[in-house]
Amino acid sequence: MTSEVKSSFTIDTDSILKGLNPEQKKAVETTEGPLLILAGAGSGKTSVMTRRIAYLMGHHKVQPWNILAITFTNKAAKEMNERVEKLVGEAASDIWMSTFHSMCVKILRREAEKLGYQNNFSILDPEDQMAAIKQCMLDLNYDMKKFEPFSVQWKISAAKNELLGPDEFKKMAGKSLLDSVAANVYREYQHKLSGINALDFDDLIFKTVQLFEDQPDVLETYQEKFQYIHVDEYQDTNRAQYKLVNLLAKKYRNLCVVGDSDQAIYRWRGADISNILNFERDYPEANVIMLEQNYRSTSTILDAANAVIRNNTQRKDKNLWSAKGQGEKISIYAALDQADEAAYVVAKVQEHVGNGGQFRDCTVLYRANAQSRAIEEVFLQAAIPYKILGGMTFYDRREIKDVMAYLKAISNPQDEISLLRIVNVPKRNIGEGTLKRLLDFAHDNSLTLLEAMGKAEQADLGAKATEAVKKFHLLMTDLHFTQEGLSVTEFLQEMLRRTGYREMYESSPKEEDKNRLENIDELLTVTRAFDKRRRGTLADFLAETSLLSDTDKETGKKDNAVHMMTMHASKGLEFPVVFVIGAEETIFPHSRSMDTTGGIEEERNLCYVAITRAQEKLHITYCTERTIFGQLQMNDPSRFLDELPEELVEKSGSDFQVVPRWEIGLRVRHPQWGIGVIMDMTGKDDELELEVTFQSRHGTKKVKPKTTKLRVIEK
DNA sequence: CCGTGCGTCTTTTTT
DNA sequence: AGACGCACGG
């Protein structure tokens with residue numbers, strides 16, 4: 001990598017600094033030494049980062065390949081790259097701009113041998129990972145009903161994020177049974193992974209850190225390469241990422257980190273907010289710059305966000321301000337149920353479009369992916385174009401996963417996980433029993449599964465099974481060699497034909513399967529784009545696609561559509577009109593975060609993130625009734641709603657529009673006490689008081705409809 | 001070896 | 001409500 005020739009480029013340094021406020025300008029010009037940029041939401045940090053990079057090149061003549069910029073998503077990286085390119089031209093392509101994971105893949109592909117891996121290693125996605133863990137638990141004879149594979153996977157992942165290998169984890173682990181099970185599975189799992197030449201997401205970082213720690217010369221190569229390092233969203237880095245960055249920056253100490261502790265929302269996956277809080281301790285000579293002017297939202301929206309976040313105790317106080325006007329008030333809508341909530345969103349979207357706005361201006365944010373369903377249904381009915389980011393995406397579809405598994409198994413013949421997924425798709429009469437015998441045979445003779453298949457006749461299978469297995473083995477080895485010399489697209493076509501995978505769906509009469517074919521064709525357009533862009537290997541293509549984050553993969557090709565995503569996925573994005581739905585206790589904040597104050601504070605950070613996505617108009621909705629797991633539930637409005645200053649909001653709701661005519665004998669529903677019957681009425685108008693007998697345990701209560709939410713039940 | 005039907009349970013958030 | 005795992009019958 002030292003073969004790079006000095007590149008020449010001319011950059012107009014004056015234009016780089018144009019239009020920046022004094023703090024932003026200082027952030028761009030402070031190029032040497034450690035720099036901490038505390039960037040509030042919407043404070044123009046991307047602009048600062050891109051210009052800082054351009055300034056390094058233009059003013060200090062730093063070579064592009066000596067610059068590293070780590071972002072949170074591939075999309076952010078791509079966007080940053082485009083913006084830098086506008087400033088510095090083609091030289092931008094020599095800058096490493098990527099996520100932690102993509103960067104580590106790039107490094108590991110070069111250095112794999114040094115770690116005892118081959119450079120065509122597979123990357124296990126969470127589903128493959130789960131499959132591998134289940135296999136390990138099976139091998140170790142653990143009862144998977146007693147110890148959930150999911151929890152084990154979680155523990156292993158957490159350990160890796162903390163840079164604990166199997167041995168360290170065993171030492172550090174708690175004394176619970178689950179921990180000791182996890183420790184044993186962890187060891188077995190790593191053993192399996194190295195046997196199949198595969199790494200999981202967490203390994204990508206962990207192994208890179210190990211490489212750097214164990215082999216100082218390798219570390220030094222990269223320290224020399226990355227003389228100027230930028231890390232975005234530093235508040236969301238975990239232990240392993242922190243270590244990685246600090247190892248790289250150790251030599252030149254030109255480390256610029258950008259973050260906002262109020263937007264820390266990934267503690268649950270190991271992110272440690274003290275990484276950013278302790279930056280000045282780690283680098284006593286650091287410069288610190290605060291960006292507090294928000295260029296995104298109206299002051300109403302910002303004031304609301306500030307008011308909410310102020311309730312957190314664990315934070316550095318800061319105050320975002322905006323020069324934009326007040327704008328509209330925040331609308332809070334109390335919906336009857338999910339359908340009503342969705343109807344409200346539809347009505348407001350249509351209103352926005354009716355007033356000359358675009359669908360793409362609107363975004364619906366929710367706490368959990370499952371909440372998108374109700375909205376989706378109503379959008380379909382109302383013919384509102386929409387685009388869902390995250391959740392079940394293109395790459396999660398069965399046919400795509402299958403095809404990718406084929407590609408992985410062919411690219412890395414040791415990849416048993418992928419092989420097992422597709423060995424019998426389409427049906428080849430190689431079933432559970434045969435595979436079990438093959439796996440045992442492979443294990444006893446230290447063979448990979450594919451190698452064992454090649455020697456099927458020795459595996460004691462029976463004539464029919466042996467023949468089926470041999471045929472499959474021939475197909476796979478053949479494809480492995482066909483791969484060479486073909487572009488990814490050409491190879492994929494060939495593979496789809498020879499494996500009979502395409503045929504399987506073509507011959508099916510089901511409408512669903514026609515769709516699957518379309519998705520496969522869609523994948524072919526993805527490979528075509530890849531071939532055109534960089535003509536990489538199959539392994540490169542697989543790595544690129546498996547590292548796409550939810551925000552990176554947009555489903556559907558509709559341009560002008562309402563966006564829908566989780567609040568997590570919305571970080572870093574902005575939209576004129578934002579709907580935050582499901583603002584109810586147990587949904588948001590989520591019930592599983594409510595037992596710790598840390599949990600609640602992180603939910604509040606998430607609320608802050610959600611609110612600050614909005615540029616002009618914010619709608620927040622909640623349901624008084626919600627059906628969850630087929631069960632009717634009533635939740636209180638979210639506590640975060642109480643934290644919004646009265647003068648900034650405007651409340652409405654079905655409950656307030658319909659004034660029921662109360663009468664004795666009427667059946668009603670109360671949010672806490674459930675269903676009851678009106679037994680008596682006293683007073684009138686605002687003073688009206690009802691005596692209601694509720695089901696069994698709640699007995700008879702006096703209720704004022706003016707102050708309590710009571711609903712009449714039809715029939 | 002494969003398909004079907006019943007009973008169980010519910011991953012919050014994601015690179 | 002819906003997905004998934006498991007047991008059973010062909």
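All chains are named by letter (A, B, ...) in the order of the sequence lines, taking the proteins before the strands, and each is independently numbered beginning at 1.
Atom CD in A:Glu377 sits roughly 13 Å away from atom C1' in C:dG2 (whole-Å rounding). Between A:Ile628 atom CD1 and B:dT11 atom C1' the separation is 13 Å, expressed in whole Å. Rounded to whole angstrom, the span from the CG atom of A:Leu438 across to the C1' atom of B:dC1 amounts to 15 Å. In this entry the distance linking CG of A:Leu204 with P of B:dT15 reads 13 Å, nearest Å. As a whole-Å value, the separation of A:Met130 CE from B:dT14 P is 16 Å. Per the geometry, CD1 belonging to A:Ile123 stands 20 Å off P belonging to B:dT14, to the nearest Å. A straight line from CG of A:Leu244 to P of B:dT15 spans 18 Å, rounded to a whole angstrom. With rounding to whole Å, A:Glu233 atom CD is found 13 Å from B:dT15 atom C1'.
As judged by a 4.0 angstrom heavy-atom cut-off over every strand, A:Phe100 is placed among residues making no nucleic acid contact.
Checked by distance alone, A:Arg367 brings a side-chain donor or acceptor within 3.5 Å of a matching partner on the base of B:dT13.
A:Asp460 CG: 12 or fewer foreign heavy atoms inside a 6.0 Å radius.
Note on A:Arg592: every side-chain N or O is 4.0 Å or more away from OP1 and OP2 of B:dT13. Phosphate contact (OP1/OP2 of B:dC2, side-chain N/O of A:Asn424, threshold under 4.0 Å): present. A close approach under 4.0 Å does occur between a side-chain nitrogen or oxygen of A:Asn369 and OP1 or OP2 of B:dT14. Checking the phosphate oxygens (OP1, OP2) of C:dA1, no side-chain nitrogen or oxygen of A:Thr627 falls inside 4.0 Å. Contact between the side-chain N/O atoms of A:Lys134 and the OP1/OP2 oxygens of C:dG5 is found at a separation under 4.0 Å. Taking 4.0 angstrom as the limit, A:Ser591 places none of its side-chain polar atoms (N or O) nearer than this to OP1 or OP2 of B:dT12.
Residue-to-nucleotide proximity on DNA chain B shows that, of A:Glu148 and A:Phe201, the 5′-proximal contact is made by A:Glu148. The nearest heavy atom of DNA chain B to A:Leu606 and to A:Lys427 marks one nucleotide each, and the one closer to the 5' end goes with A:Lys427.
Using a 4.0 Å cut-off between a side-chain N of Lys or Arg and a carboxylate O of Asp or Glu, A:Arg533 and A:Glu544 qualify as a salt bridge.
When the P atom is compared between C:dC6 and B:dT11, the two are found 16 Å apart, to the nearest whole Å. For the P atoms, the distance linking B:dT13 with C:dC4 amounts to 15 Å, nearest Å.
Here the nucleotide nearest the side chain of A:Phe150, chosen from B:dT11, B:dT15, B:dT14, is B:dT11.
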* **Full working for side-chain contact (heavy atoms from CB on, under 4.5 Å) between A:Phe640 and A:Glu603** => CA-CA 9 Å; A:Phe640 303 141; A:Glu603 295 284 301; 3.9 Å; yes
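By the stacking rule of 5.5 Å between ring centres and under 30° between planes, A:Trp268 stacks on the base of B:dT13. Both stacking criteria are satisfied for A:His590 over the base of B:dT12: a centre-to-centre distance under 5.5 angstrom and an angle between ring planes under 30 degrees.
With A:Tyr406 as the aromatic partner, A:Arg421 does not meet the cation-pi criteria of under 6.0 angstrom to the ring centre and within 45 degrees of the ring axis.
In terms of heavy-atom proximity, A:Leu108 sits nearest to A:Leu115 at CD2-CD1, 3.5 Å.
Between the side chains of A:Gln129 and A:Gln153, at least one donor N or O lies within less than 3.5 Å of an accepting N or O.
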